[in-house]
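Structure first, then comments.
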Amino acid sequence: MSADSLSQLTDPAAAPRLVIKVGSALLVGKDGEPRRAWLTLLVAEIAAARARGQDVIVVSSGAIALGARKLGLARGGRGSLADAQAAAAVGQIALAGLWAELLAAHGLIAAQVLLTLEDLEDRRRYLNVTATLGTLLAAGAVPVINENDTVATEEIRFGDNDRLAARVGQAAAASAVLLLSDIDGLYDRDPRLAGAVRIPVVRGVTPEIHAMATAGSSSGLGSGGMTSKLQAAEIAGLAGIALAIIDGRPDSPIAAALGAERGTLFCPPGKARARKAWLGGKLRMKGAVTVDAGAAAALARGSSLLAAGVTAVEGTFLRGDAIAVHGPDGTVLARGLSEYDASECTALMGRPSAEHEALLGYAPRSALVHRDQLVML
């Protein structure tokens, strides 16, 4: 059973494991201080979910905003990467302590987990995260996760906690990801425009859905906008995980939104195997190949990618690295793990399989990207 309405996200049968993402603008006031009264009510909702049998993981922003206040940094600590790292170092202590204190009031144990992009992009480290989260949940703890902004550089940052929440949902085999935002869902146009209509349910994030998004954060505190939320929905959907965007501003926001069915629920198209879900959710590719129309059609039918259909190779990658597969028009069709280094792919592209042994000097593999290591997008 899976959730197909917002109200079902409170049902342990439909959503036994939830990831709840809390943005900076909700957790930290304009004065740089935590919004304790609001957060106390949210923690009570988390405790209620636990009491009815649901596992809960929290992805919490706010460290940079809290630390910037303490250090007196301009622009909320986001004036430079160095400022953000310094603010996070100070603010993360305050943030973890706040969650621990409020959860303890309900007899719950908070567990701090700090992640970088590489922790979820590298397969071995991803599996380590999966194991850690599973152990914490089995022991009854509430993992409180944030990006490790103190050490993350621009090259290894998620940059927003929407996509981090979706990737955590994949790693934890969650049923649903709940994004608490400063807007009550996806609208068919900028919600500030007259006649804008909220979309209650989305089944598949299409180019038309992406066109409805407006980038940027209205609060000035966060780093994500609707575009990042749609990307998070795509990542979650690849793993068969529902994702909801609700207005986090009211008191007890989960009950307020789910009880009234007010928000946007992104229903997943299906359930991918664990490895393919991880691969589909990866945010960084080491390279790319472009294929012709025939190869694109074969991939759509579930075939492996053969070198004969490749027309171009980009990047420097090694066997086992993740690469993107572009169609003839440049759109990304799939992601997969390459069976060859980039130089070998270049030598093989456009050539039939019968010629590969002579070109390589050794017995070739069955495909450039095997269908078991490939996920269509």
task: Verify, without hydrogens or angle tests, whether Trp38 (side chain) and Gly248 (backbone) share a donor-acceptor contact under 3.5 angstrom.
output: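 Such a contact is found between Trp38 side chain and Gly248 backbone.
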query: So, does Arg351 use its side chain to make a donor-acceptor pair with the main chain of Ala307 at under 3.5 Å?
result: no
query: Got a sec: does the CZ of Arg203 have more than 12 other heavy atoms crowding it under 6.0 Å?
result: no
Cut-off 3.5 Å, no hydrogens considered: what does the side-chain donor-acceptor table look like for residues 249-257, sequence neighbours left out?
residue : atom : partner : partner atom : Å
Arg249  : NE   : Asp247  : OD1          : 2.9
Arg249  : NE   : Asp247  : OD2          : 3.4
Arg249  : NH1  : Asp182  : O            : 3.4
Arg249  : NH2  : Asp182  : O            : 3.4
Arg249  : NH2  : Asp247  : OD2          : 3.0

So which pairs with a foot in [range] pass side-chain hydrogen bond (donor to acceptor under 3.5 Å, both in side chains), sequence neighbours left out?
| range | answer |
| --- | --- |
| residues 133-143 | none |
| residues 305-320 | Arg319-Glu339 |
| residues 13-23 | Arg17-Asp55, Lys21-Asp162 |
| residues 286-303 | none |

Where Tyr340 and Cys345 come nearest, the two heavy atoms and their spacing: CB-SG, 3.8 Å
query: Asp341 and Ser343: side chain to side chain donor-acceptor pair (under 3.5 Å), yes or no, with the steps?
result: CA-CA 5 Å; Asp341 297 349; Ser343 59; 5.0 Å; no
Quiz: residues 261-269 side-chain donor-acceptor pairs under 3.5 angstrom, not counting sequence neighbours:
residue : atom : partner : partner atom : Å
Glu261  : OE1  : Leu6    : N            : 3.2
Glu261  : OE2  : Ser7    : N            : 3.0
Glu261  : OE2  : Ser7    : OG           : 2.8
Arg262  : NE   : Asp184  : OD2          : 2.8
Arg262  : NH2  : Asp184  : OD2          : 2.6
Thr264  : OG1  : Leu186  : N            : 2.8
Thr264  : OG1  : Ile199  : O            : 2.6

query: Remaining members of Val90's ILVMFWY cluster at a side-chain heavy-atom cut-off under 4.5 Å?
result: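 The other cluster members (ILVMFWY side chains, heavy atoms under 4.5 Å, direct or chained) are Leu71, Leu73.
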Hydrophobic cluster of Leu193, others only, ordered by chain and residue number, side-chain cut-off 4.5 Å: none
task: Begin with the C-alpha distance, continue with both residues' side-chain angles, and end with the deciding distance and a verdict on side chain to side chain donor-acceptor pair (under 3.5 Å) for Asn148 and Thr116.
output: CA-CA 6 Å; Asn148 194 353; Thr116 65; over 6 Å; no
Enumerate the residue pairs fulfilling salt bridge (charged side-chain N to carboxylate O under 4.0 Å, His left out) with a member in [range], sequence neighbours excluded, ordered by first and then second residue.
| range | answer |
| --- | --- |
| residues 231-243 | none |
| residues 87-115 | Arg36-Glu101 |
| residues 127-136 | none |

- line: Taken in chain and number order and not counting sequence neighbours, the residues that satisfy salt bridge (charged side-chain N to carboxylate O under 4.0 Å, His left out) with Arg365 are none
message: Among Arg163, Arg167, Arg335, exactly one meets salt bridge (charged side-chain N to carboxylate O under 4.0 Å, His left out) together with Glu121. Which residue is that?
response: Arg167
task: State, without any angle test, whether Asn161 and Ser61 hold a side-chain donor-acceptor pair at a distance under 3.5 Å.
output: yes
